[in-house]
There are 2 protein chains.
Amino acid sequence: MSDLLDRLRGRGWRMTSQRRVVAQVLDGDHVHLTADEVHARAAALLPEISRATVYNTLGELVSLGEVIEVATDGRARRYDPNAHHPHHHLVCSECGTVRDVHPDRDPLTDLPARERFGFTVAAAEVTYRGLCPDCAKA
Amino acid sequence: MSDLLDRLRGRGWRMTSQRRVVAQVLDGDHVHLTADEVHARAAALLPEISRATVYNTLGELVSLGEVIEVATDGRARRYDPNAHHPHHHLVCSECGTVRDVHPDRDPLTDLPARERFGFTVAAAEVTYRGLCPDCAKA
DNA sequence: TCCTACGATGGACACAGTCCAAGTCAAGAA
DNA sequence: TTCTTGACTTGGACTGTGTCCATCGTAGGA
């Protein structure tokens, strides 16, 4: 994830301890934290970090295209650092766990012109829903 | 939409003026209102209706399967009365307009077993994003 | 080492949604 | 038709999520 820090520095980002900690917390695969979770984990490393800073930093990462915002339910947005590999999401309806998945086909190709209503369609996000192994057992 | 009222009565719903008004407001195609919008339109017909009742009624309609909850952004949930015809959504990134669309293929068939991580996958929702004709012009 | 513009802070605010105790009323019973 | 009752509605308090802003602090160039 120091790749990320390097890229950010290259873009003229001022490197502060707060930003470093937020980037560090977002490292890894299948990471889909809410802003509050990011704040909690960041605060474990840097106790004084404020909520506003976490929101600011996440917002910047999103507009730089380094992190993707995911709205799996109508509740808190989740932040996905896996922004450089196109993928979709599989969500457990019970516990909310999210996994990154890679379907065989891009759904964009399956939306015929007559169903586009004159829109310039740029992207398609798929949310698969079901039960994760743990919740299916219970 | 009196179909809906009939179905609800058949299911033992007590028919109150509030519920009638909420059902009436949700009538139509390409309707994707937020709870607050439903409340505003319902209040135009029945001024005393409360926010809590609108939320209760929407929640009941959703659990009866008569209305679908849509989370197109991380903000307010939207309510879609077109629950009996499977479809997906096309959202304008600029103004938020939503249209119902019908792709040629069900994306569920394109998620191979190795990408299911042991989940029991039940459904797939596709959100297409782009610019609507009006916003593309501006 | 000094400067300063960019970033961090925390507290107030706005919005979305939930919960609850008390009052109201739809619809079946008599 | 009136009575009864439990389901429904109400408004207000409360929680969670996200935004805004004035002020303070500091990274990094001169």
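All values reported here derive from a predicted model rather than from experimental measurement.
Within the model, atoms CD of A:E69 and OG of A:S63 stand 10.0 Å from one another, a figure rounded to the nearest 0.5 Å.
Applying the side chain to side chain donor-acceptor pair (under 3.5 Å) test to residues at least two apart or on different chains, the pairs with a partner in residues 45-54 of chain A are A:S50-A:T53. Sorted by first and then second residue, the pairs that involve residues 6-44 of chain B and meet ring pair (Phe, Tyr, Trp, His ring centres under 6.0 Å), not counting sequence neighbours, are A:F117-B:H30, B:H32-B:H89.
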Distance-only criterion, 3.5 Å: show the donor-acceptor pairs between side-chain atoms of residues 120-128 of chain A and protein atoms not counting sequence neighbours.
| unit_1 | atom_1 | unit_2 | atom_2 | d |
| --- | --- | --- | --- | --- |
| A:E125 | OE1 | B:R129 | NH2 | 3.4 |
| A:E125 | OE2 | B:R129 | NE | 2.6 |
| A:Y128 | OH | B:P107 | O | 3.2 |

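From the 5' end on, the contacts that DNA chain D makes with chain B at under 4.0 Å to a non-hydrogen atom open and close at D:dG6 to D:dG11.
Annotation: side chain to side chain donor-acceptor pair (under 3.5 Å) contacts of A:N82 (sequence neighbours excluded): A:H85, A:D100. Listed by chain and residue number, nothing satisfies the salt bridge (charged side-chain N to carboxylate O under 4.0 Å, His left out) test with A:R14 (two or more places apart in sequence, or in another chain). Partners of B:R114 according to the side chain to side chain donor-acceptor pair (under 3.5 Å) rule, which considers only residues two or more places apart in sequence or in another chain, do not exist here. With sequence neighbours excluded, no residue satisfies side chain to side chain donor-acceptor pair (under 3.5 Å) with A:N56.
No more than 12 heavy atoms of other residues, nucleotides or ligands shown are found within 6.0 angstrom of CZ on A:R41.
Contact check for A:L4 versus A:D27: no side-chain heavy atoms found under the 4.5 Å cut-off.
Of the residues in residues 33-44 of chain A, A:A35, A:D36 come within less than 4.0 Å of DNA chain D through at least one heavy atom, sorted by number. Contacts of residues 57-67 of chain A with DNA chain C (heavy atom under 4.0 Å): none.
Taking five base pairs at each end of the helix from C:dT1-D:dA30 to C:dA30-D:dT1, the local helix axes there meet at an angle of 20°, rounded to 10°.
For B:R77 and C:dA16, the shortest distance from a side-chain N or O to OP1 or OP2 is not below 4.0 Å.
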A correct 5'-to-3' footprint of nucleotides 20-30 of chain C, with B, S and - meaning base, sugar-phosphate only and no protein heavy atom under 4.0 Å, is -----BBS---

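Looking at A:E60 and A:R11, no side-chain N of the basic residue comes within less than 4.0 Å of a carboxylate O on the acidic one, giving no salt bridge.
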